[in-house]
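Everything numeric here is computed off the predicted structure, so don't read it as measured data. Throughout, numbering of the chain's residues begins at 1 and tracks the sequence.
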Amino acid sequence: MLLGCIGDDFTGSSDLANTLSKEGMRVVQYTGVPEGPAAAGVEAGVVALKSRSTDPSDAVEQSLAALRWLRAQGCEQFFFKYCSTFDSTPDGNIGPVADALAAELDAHRVIVCPAFPGTGRSVYQGHLFVNDVLLNESGMQNHPLTPMTDPDIRRWLRPQTKHGVGHVPAADVLKGAEAIRAGLDAAHEAGALHIVVDALQDADLREIGAAADGLPLITGGSGVALGLPANFRRRGLTSADGAAWRGQAGQCVALSGSCSNATRAQVALHRKTNPAFEIVAADVIEGRVTAASMADQLVAADGIPLAFSSADPDVVREVQATFGREASAAALEGFFAEVSRELVARGVPKILTAGGETSGAVVEGLALRTLEIGPEIDPGVPALRAGDDLVIALKSGNFGAPDYFAKAAAVLGA
């Protein structure tokens, strides 16, 4: 294994695995830290954790355990993957995890780059944009767990870390890898360990990847990993022949817990032509609906049935005020996990999920340990084979085209 990756949630991890696979690396995604060694032939291992919204100390502990397993597999470079919208709070978890990984690896120039132009995320002058608006105007300011109220990544990261935060501006990035390396050195000499690097287009990400050759630790969204496989390929270390994909016949069911603008639009479009069942948080918490009854309705439905708890921000805030943020989130995650188990028990072979927390709950609920990477559905969202009779797709809330659910079902069956 050459490249060891640690993802702070399951959808982001599959997004990263998709990027590396498209660039010619043999990739396997692992759910949690594996107990045994990786299979022969794996060039990039992605350890998917559910650490984005946990206590920072727990996130650090999980991430270090993943790092030590990856080091034992022989990895020579490491990547810490977080969301392209930099989902975190002033307490973490990006800063504490990056600090711990850097200390373990003796890393002194750590790239910080959440940019992913393929999904509209760009970093300019240290500020994160979603398409043509700043992050804090994109809807992410309403995220129920990690509301992003400041688009300046440098300013958002500083309270989270013990180290200095620097910046390599777009003017340097546009000059190429050598200028980026010089910018990293200058920021380090000025006292920075974590260095935010601007990126506006995929070409920038490839130059950043070239500049990262030899660095022990890189952090960012999946976009900045775009240029890393070429470093190994230049040395003749990668095979560039990913595994063949085979689709799955049978019913496809969608489960959506994301409250992002993108997912709510996808839900609204999908329910116009397919059966849709709204999951009301209060009904779950107070026991008025069961996972078994929901699974029965979904299996009996035609088309691509959808169960969703995606709601407007005002509705989410009301639920959190009534039941508590953590209790309401845990109840819905547990419900989706149980619904997924009931669906598989009824023979459903294709499951779509929308939302990082929902996807994590489903993966853990089904005890999926390794995922084979298949074709891309939308930027950042690959098809995944979870077993001989089960294929899934894990979508970050903000990703996907308006017709994502129909498109994903078609790819999983192809």
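Smallest separation of non-hydrogen atoms from Leu298 and Gln251: O-NE2, 3.2 Å. Of all the heavy atoms in Val165 and Ala192, the pair that sits closest is C-CB, 3.8 Å.
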- Message: Run Arg235 and Glu76 through salt bridge (charged side-chain N to carboxylate O under 4.0 Å, His left out) and show every step you take.
- Response: CA-CA 13 Å; Arg235 293 158 54 196; Glu76 58 184 66; 2.7 Å; yes
- Glu189 vs Arg109, salt bridge (charged side-chain N to carboxylate O under 4.0 Å, His left out): CA-CA, chis, key distance, verdict: CA-CA 10 Å; Glu189 290 168 6; Arg109 296 164 179 79; 5.5 Å; no
- Item | Derivation and outcome, salt bridge (charged side-chain N to carboxylate O under 4.0 Å, His left out), residues Arg52 and Glu357 | CA-CA 9 Å; Arg52 179 173 297 172; Glu357 301 300 324; 6.0 Å; no
- Under the salt bridge (charged side-chain N to carboxylate O under 4.0 Å, His left out) rule, what do Lys175 and Glu207 come out as? Steps first, then yes or no, please. CA-CA 9 Å; Lys175 294 175 184 176; Glu207 292 297 330; over 6 Å; no
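At least one donor-acceptor pair under 3.5 Å links the side chain of Thr263 to the backbone N or O of Gly397. Put simply, the side chain of Thr31 gets close to the backbone of Leu368: a donor and an acceptor are under 3.5 Å apart. Judged by distance alone, with hydrogens and angles left aside, the side-chain atoms of Asp204 form a donor-acceptor pair with the main-chain N or O of Leu200 at under 3.5 Å. When atom types are taken as modelled, the side chain of Gln248 and the backbone of Gly413 share no donor-acceptor pair closer than 3.5 angstrom. A distance-only check finds no donor-acceptor pair linking the side chain of Lys350 to the backbone of Val253 [under 3.5 Å]. Here the side chain of Asp8 pairs no donor or acceptor atom with the backbone of Ile94 at under 3.5 angstrom. In this structure a side-chain-to-backbone donor-acceptor pair under 3.5 Å is present from Arg341 to Gly365. Checking side-chain atoms of Arg206 against main-chain N and O of Leu228 turns up no donor-acceptor pair under 3.5 Å. A donor-acceptor distance shorter than 3.5 angstrom exists from the side chain of Gln77 to the backbone of Leu215, with no hydrogens or angles considered.
Residues that satisfy the ring-ring contact (aromatic ring centres under 6.0 Å, His included) test with Tyr82, not counting sequence neighbours, are Phe80, Phe86. Partners of Phe10 under the ring-ring contact (aromatic ring centres under 6.0 Å, His included) rule, at least two apart in sequence or in another chain, do not exist in this structure. Remark: Tyr30 pairs with Trp69 by the ring-ring contact (aromatic ring centres under 6.0 Å, His included) rule, at least two apart or across chains.
Separation of atoms NE2 (His167) and CG (Leu184) is listed at 11.0 Å; rounding is to 0.5 Å. Expressed to the nearest 0.5 Å, how far CG of Asn136 lies from NE2 of His127 amounts to 8.5 Å. How far OG of Ser53 is from NE2 of His143: 6.5 Å, rounded to the nearest 0.5 Å. In this structure, CG in Leu217 is found 11.5 Å from CG in Asp106, a value given to the nearest 0.5 Å. Expressed to the nearest 0.5 Å, how far CZ of Phe405 lies from CD1 of Ile304 amounts to 9.5 Å. Taking CG of Leu49 as the start and CG of Asp9 as the end, the distance is 9.5 Å to the nearest 0.5 Å.
Residues Phe399 and Phe116 bring their aromatic ring centres within 6.0 Å.
Taking the six-membered ring where tryptophan is involved, the planes of His108 and His188 are tilted, since the angle between them lies from 30° to 60°.
Applying the side chain to side chain donor-acceptor pair (under 3.5 Å) test between Asp99 and each of Lys162, His194, Gln160 identifies His194 as the sole match.
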